[in-house]
Novice: 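Would you mind keeping the following structure in view while I ask a few things?
Letters A, B, ... mirror the listed sequences (proteins, then strands); counts begin at 1.
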Amino acid sequence: MSEMGEEKSELSNAERLWRIRHSASHVLATAVLEVFPEAKLAIGPPIENGFYYDFDLPRALTPDDLEDIEARMAKHVKANDAFETWTSSVDEAIAYFEQRDQPYKIELIRDLAAAGETEVRFYKNGPFVDLCAGPHAPRTGACKAFKLLKVAGAYWRGDSDRPMLQRVYGTAWKNKTDLAAHLELLEEAKKRDHRKLARELDLFSFQKISPGAVFWHPKGWTIYSELKRMSLELHKANGYVEICNPLIYSKSLFETSGHWDHYNEHMFKLESEGETFCVKPMNCPDTMMFYKRRKHSYRELPLRVAEFQTLHRNELSGALNGVFRVRQFTQDDSHIFCTEEQIEQEIGNVVSMIDHVYGLFDLTYQVKLSTRPADFMGEPALWDRAEAALASALTAHGLEYRVNEGDGAFYGPKIDFDVLDSLGRKWQCATIQLDFQLPRRFELAYTAADNEAKTPIVVHRALFGSLERFIGILVEHVAGAFPTWLAPVQAIFLPINDACAAACHDAARVLLDAGLRVEVDDRSEKLGYKIREAELAKVPHMLVVGAKELEAGTFALRTYQGGDQGSVTLDELRALLLKKVETREFDVTLKKIEWSTEDDDEQVEHGSAY
RNA sequence: GCCGGCGUAGCUCAGUCGGUAGAGCAGCGCAUUCGUAAUGCGCAGGUCACCGGUUCAAGUCCGGUCGCCGGCUCCA
C-alpha cells in the first residue's frame, strides 16, 4: 500500500493520465468481451486525450452497442478491480491465446519472439486478461472519468492488405471535471470547423460535380489572393524569381522524373492523338525543364525559382477532407538549385521565411526532421552531410524538432512543419525537402569554377504548403475572424437612416480609393440589425453614422466583438486601416483551443503498449 | 480505396404504422427611417441526392450509384 502511494506521488501528471487511458482501454475490452465473447482482440493503446481498442467482431457496432458497452465499463470501474501482472514464456503465452482463439495476440507474441523476447507480460483486471507491456493504474477505479466517442474502421497493423477491424475510441481523464472540460472543448472545436465557417461566411464551397476541388467565392478568394500576394512579395524579397509553366505534359516528362513509375495512380491522365498526357501533380519536373533550357554557371547559384501553379492529385475518395485534403490545390512552391556547400544557408533562409509567415498569424507548428530511409538513393556520406546541414539550420534558428529516423524520402532528407486543426488533427503545411535524385534524372548541370560540369542539388520547399490547406487551418485558427489585412470586408458603414447614407458612401469611396475593402449597409433596417449582421460576418470595423456624426463630421467606430470605440475622423480611420494592412498586423483576439500539450515522444516510449 | 454513419427548401432541422411535404432563419414584396447583436405583415421556395425494385400507394421498406462526415491507408 505504501509502495503504491509512493509510486503515485512520483508519477508525473502526464504519466498518470497515460496509465489511466491505457487502463481504460483494457476496461473497454473487458466490456466488449462480455457482449461479444467471440470477439478477436487486436491492440488497445492509450493515445492523446484518450484510448482505443481494435476488435474483430461478428457484426458492426451500433451507437446502442456503445451505450451498452459504456454502461458495462462503468460497472467494472466501480468494481475497482486491481491490475495484476506477471510474465510467462513465449510458448505458454501462445498456448494461452490459442486456447482462446486469439490469432492477433498470437501474431504479436510471435513478432516479439522474433525480436528476441523470451518472456511476455500479462495484465489482468477482473475477468479480463491481456497481453500487455503496461504499465497500468493500480485499479480500474482510476478510470472513472471516461466516455466512448466513436467507432471507426482500422486495418490490422495499419496494413491495407490485412483485415479491417473495428476501432472504438474513447477519452479518459483523471476526474469528471477534466472530462467535462474536454467534452466542452470538442463542442467548441466543432463550431470553428472550417467547413461550417466557410458556409456561414460565404468563403468557398464544394459541389458534387467536382469532388475534392474548391469553389472559391468572392470573400474566400479575397483571402486567397491576399495570402498569395504576401507570399510572392516575401519570395521576391528573398531573391526568388517566379515562373509559370503548363499544367499538362506528355507522360514522358513523368517517366524522366520517376512519377510515372511511382506516382501513376495519383495522376489524372488524358489521351490526345494517341499520346498520353498527365495533369501535373507537382511543380518539380517542369521546373527541372526550366533549368535545363540552357547551361548554367556556378555564379548563378543558388537559383531560387518559385512556381505557384495549380496541381491535381487523384487522392482516394475516402481521404478527401474539406479544404485540408483536396484533389486540386496550389502550393507556394519553389525549387532552389544550389551546391552542397550552399545547403545550410539556403535551408536557414527558408526556415526564416517559414517562421516569419507563421509568426504573422501567431500559429505554432511542430517540426520533424526525417532522415535516410532503408531504400535511399545516393551516397551515404552526402546524406550524412545533408542531414547535419538541416539539423544545424534548425538549431541555428532555435527550433525544437523531432527526428523521424528513416522517414525521409528515398531522394533526400526533409523537414516537415505540422500545424494542428481545430479538432487537434495534425496537418503538414510547410516542408523543406532535399533532392539528390531529380537533378541526376534530368541530367542537370552547372559549370563550376574549375570549368567542370557538376550536378546541382535541388531543394523543394513550400511555406504555406498548399494555399487551400493553409486557409483551412487559418479559418479555424482565427475562428473565422480574420486580421484586417485579410478580412474580405475590412470596414462597413452603418448609416442610421437614409439621410446619413450619402455621407457613408462618400467616406467609403475615399477608403476604396485607398485600396481598402469597404461596404455600406444602407438597407432600411434598424441599427441593431445591421450591427448583428456585421458581427456575424465578423467584419473587423463598423462605422456607425447618425445625425450626431453627420454634424461633427466623424464616424462612431465599433470593432468586432470590441464594442463602441468612440469617434474617429475619416483621415484617422483611413490611416488606422492602412497601417494595419501595410504592417499585416495580426489584430485578432484569439481564444485558442489548447489540445493536450503532451508530446508524441512520450507515447512512442510506450510503443509496446498493446 | 477500405470500415461505419449520414443525405428532406440556400441554411438548421421536423415528418408517427408506407397514404402524395412542414417550421424557423435566409430570399422576394410592402410598410417602417430606427443610436450599438434580430421591426411587422405578406409571398415564393422541394424530381425528399440519383437510378432501379417491392407495393394499390415509397421521403419512409429493399438493392445499386454518387457525394459528404468520422476513422484507416496515403499525403500538401
Novice: What's the CG-P distance between A:D521 and B:U36, to the nearest Å?
Specialist: 16 Å
Novice: Whole Å only: how far is the OH atom of A:Y529 from the C1' atom of B:U32?
Specialist: 14 Å
Novice: For nucleotides 42-45 of chain B, give me every protein contact, N/O to N/O, under 3.5 Å, one pair per line with atom names.
Specialist:
none

Novice: When the side chains of residues 490-503 of chain A are checked against the rest of the protein, which donor-acceptor pairs come out under 3.5 Å, sequence neighbours left out?
Specialist:
unit_1 : atom_1 : unit_2 : atom_2 : d
A:Q490 : OE1    : A:R517 : N      : 2.7
A:Q490 : NE2    : A:T484 : O      : 3.0
A:N497 : OD1    : A:A499 : N      : 3.0
A:N497 : OD1    : A:C500 : N      : 3.3

Novice: Reckon A:L61 touches a base, only the sugar-phosphate, or nothing at all at heavy-atom distances under 4.0 Å?
Specialist: nothing
Novice: Identify all pairs in which a protein N or O lies below 3.5 Å from an N or O of nucleotides 72-76 of chain B, and state each distance.
Specialist:
unit_1 : atom_1 : unit_2 : atom_2 : d
B:C72  : O4'    : A:G153 : O      : 3.1
B:C72  : O2'    : A:Y155 : N      : 3.1
B:C74  : O2     : A:R325 : NH1    : 3.0
B:C74  : O2     : A:R325 : NH2    : 2.0
B:C74  : N3     : A:R325 : NH1    : 3.0
B:C75  : O2     : A:R469 : NH2    : 3.2
B:A76  : O4'    : A:Q331 : NE2    : 3.2
B:A76  : O3'    : A:Q428 : O      : 3.0
B:A76  : O3'    : A:Q428 : NE2    : 2.8
B:A76  : O3'    : A:C429 : O      : 3.1
B:A76  : O2'    : A:Q428 : O      : 2.2
B:A76  : O2'    : A:R469 : NH1    : 2.7
B:A76  : N6     : A:V326 : O      : 2.7
B:A76  : N1     : A:V326 : N      : 3.4
B:A76  : N3     : A:S466 : OG     : 3.2

Novice: Take atom CG of A:D56 and atom P of B:C2, then tell me their distance rounded to the nearest Å.
Specialist: 18 Å
Novice: Quick one: is the NZ or CZ of A:R372 closer than 6.0 Å to the six-membered ring centre of A:F376, and within 45° of its axis?
Specialist: yes
Novice: Could you tell me which residues satisfy side-chain contact (heavy atoms from CB on, under 4.5 Å) with A:A481, sequence neighbours excluded, listed by chain and number?
Specialist: A:K538, A:Y560
Novice: For RNA chain B, determine which residues of residues 188-198 of chain A have any heavy atom closer than 4.0 angstrom to one of its atoms, and list them numerically.
Specialist: A:R195
Novice: Which residue lies toward the 5' end of RNA chain B, A:L557 or A:E525, if each is placed at its nearest nucleotide?
Specialist: A:L557
Novice: Less than 4.0 angstrom from a charged side-chain N to a carboxylate O is my criterion; do A:K191 and A:E188 meet it?
Specialist: yes
Novice: How long is the line joining CG of A:D161 and C1' of B:G1, in whole Å?
Specialist: 11 Å
Novice: Ignoring backbone atoms, test whether A:Y560 places a side-chain nitrogen or oxygen under 4.0 Å from the OP1 or OP2 oxygen of B:U36.
Specialist: no
Novice: Does A:R469 make a cation-pi contact with A:F324, if we ask for NZ or CZ under 6.0 Å from the ring centre and within 45° of the axis?
Specialist: no
Novice: For RNA chain B, what dot-bracket results from Watson-Crick or G-U pairs at under 3.5 Å, with [ ] for crossers and | for inter-strand partners?
Specialist: (((((((..((((.....[..)))).(((((.......))))).....(((((..]....))))))))))))....
Novice: Mind checking the P distance from B:A49 to B:A44? Whole angstroms is fine.
Specialist: 24 Å
Novice: State which residues pass side-chain contact (heavy atoms from CB on, under 4.5 Å) with A:P63; sequence neighbours excluded, sorted by chain then number.
Specialist: none
Novice: In terms of side-chain heavy atoms of A:S317, which of B:C34, B:G4, B:G1 is nearest?
Specialist: B:G1
Novice: Kindly give the atom pairs (protein nitrogen or oxygen, nucleotide nitrogen or oxygen) under 3.5 Å for nucleotides 9-16 of chain B.
Specialist:
unit_1 : atom_1 : unit_2 : atom_2 : d
B:C11  : O3'    : A:R199 : NE     : 3.4
B:U12  : OP1    : A:R199 : NH2    : 3.1

Novice: Less than 4.0 angstrom between a side-chain N/O of A:R59 and OP1 or OP2 of B:G4, yes or no?
Specialist: no
Novice: Taking side-chain contact (heavy atoms from CB on, under 4.5 Å) as the definition, give me every residue that meets it alongside A:A172, ordered by chain and number, with sequence neighbours left out.
Specialist: A:I20, A:R21, A:A24, A:F51, A:F146
Novice: Nearest 0.5 angstrom please: A:Q437 CD to A:S257 OG, how far?
Specialist: 12.0 Å
Novice: Identify whether any heavy atom of A:G472 sits under 4.0 Å from a base atom; if not, whether one sits that close to sugar-phosphate; answer base, sugar-phosphate or nothing.
Specialist: nothing
Novice: Not counting sequence neighbours, list each pair that qualifies as a side chain to side chain donor-acceptor pair (under 3.5 Å) and has a residue in residues 408-420 of chain A.
Specialist: A:K368-A:D418, A:Y411-A:Q433, A:K414-A:D416, A:D416-A:Q428, A:D416-A:T431
Novice: Rounding to the closest angstrom, what is the interatomic distance between B:G19 and B:A58 at atom C1'?
Specialist: 10 Å
Novice: In terms of side-chain geometry, is the basic nitrogen of A:E476 or A:R425 positioned less than 4.0 Å from the acidic oxygen of its partner?
Specialist: no
Novice: Run the salt bridge (Lys or Arg N to Asp or Glu O under 4.0 Å) test on A:R461 and A:E346 for me, step by step, so that the C-alpha distance in whole Å, both residues' side-chain angles and the decisive distance to 0.1 Å come before the verdict.
Specialist: CA-CA 11 Å; A:R461 32 105 306 157; A:E346 287 308 300; over 6 Å; no
Novice: Ignoring hydrogens, what is the shortest heavy-atom contact between A:L486 and A:I223? Give both atom names and the distance.
Specialist: O-CG1, 3.3 Å
Novice: With a 4.0 Å cut-off on heavy atoms, is A:Q565 in touch with a base, just the backbone sugar-phosphate, or nothing at all?
Specialist: nothing
Novice: When all nucleic acid strands are considered with a 4.0 Å heavy-atom cut-off, which category describes A:K530: base, sugar-phosphate, or nothing?
Specialist: nothing
Novice: Suppose you measure atom P in B:G64 against the same atom in B:G24; what distance do you get, rounded to whole Å?
Specialist: 39 Å
Novice: Please state how far atom CD in A:E535 lies from atom P in B:A37, giving the value in whole angstrom units.
Specialist: 8 Å
Novice: Using whole Å, report how far CD of A:Q166 lies from P of B:G70.
Specialist: 19 Å
Novice: Only distances under 3.5 Å count here; give the side-chain donor-acceptor pairs of residues 213-221 of chain A to other protein atoms, sequence neighbours excluded, each with its distance to 0.1 Å.
Specialist:
unit_1 : atom_1 : unit_2 : atom_2 : d
A:H217 : ND1    : A:F215 : O      : 3.4
A:H217 : NE2    : A:S205 : OG     : 3.1
A:W221 : NE1    : A:S225 : OG     : 3.4

Novice: Would you kindly give the CG-to-P distance between A:L165 and B:G4, to the nearest whole Å?
Specialist: 12 Å
Novice: Phosphate oxygens OP1/OP2 of B:C66: is one of them under 4.0 Å from a side-chain N or O of A:K208?
Specialist: no
Novice: A:E405: what forms a side chain to side chain donor-acceptor pair (under 3.5 Å) with it, not counting sequence neighbours?
Specialist: A:T371
Novice: For A:L148 and B:G71, give me the distance from atom CG to atom P, rounded to whole Å.
Specialist: 16 Å
Novice: Quote, to the nearest angstrom, the P distance that separates B:A31 from B:G45.
Specialist: 23 Å
Novice: Using the C1' atoms only, state how far B:C48 lies from B:G59, rounded to an integer number of Å.
Specialist: 4 Å
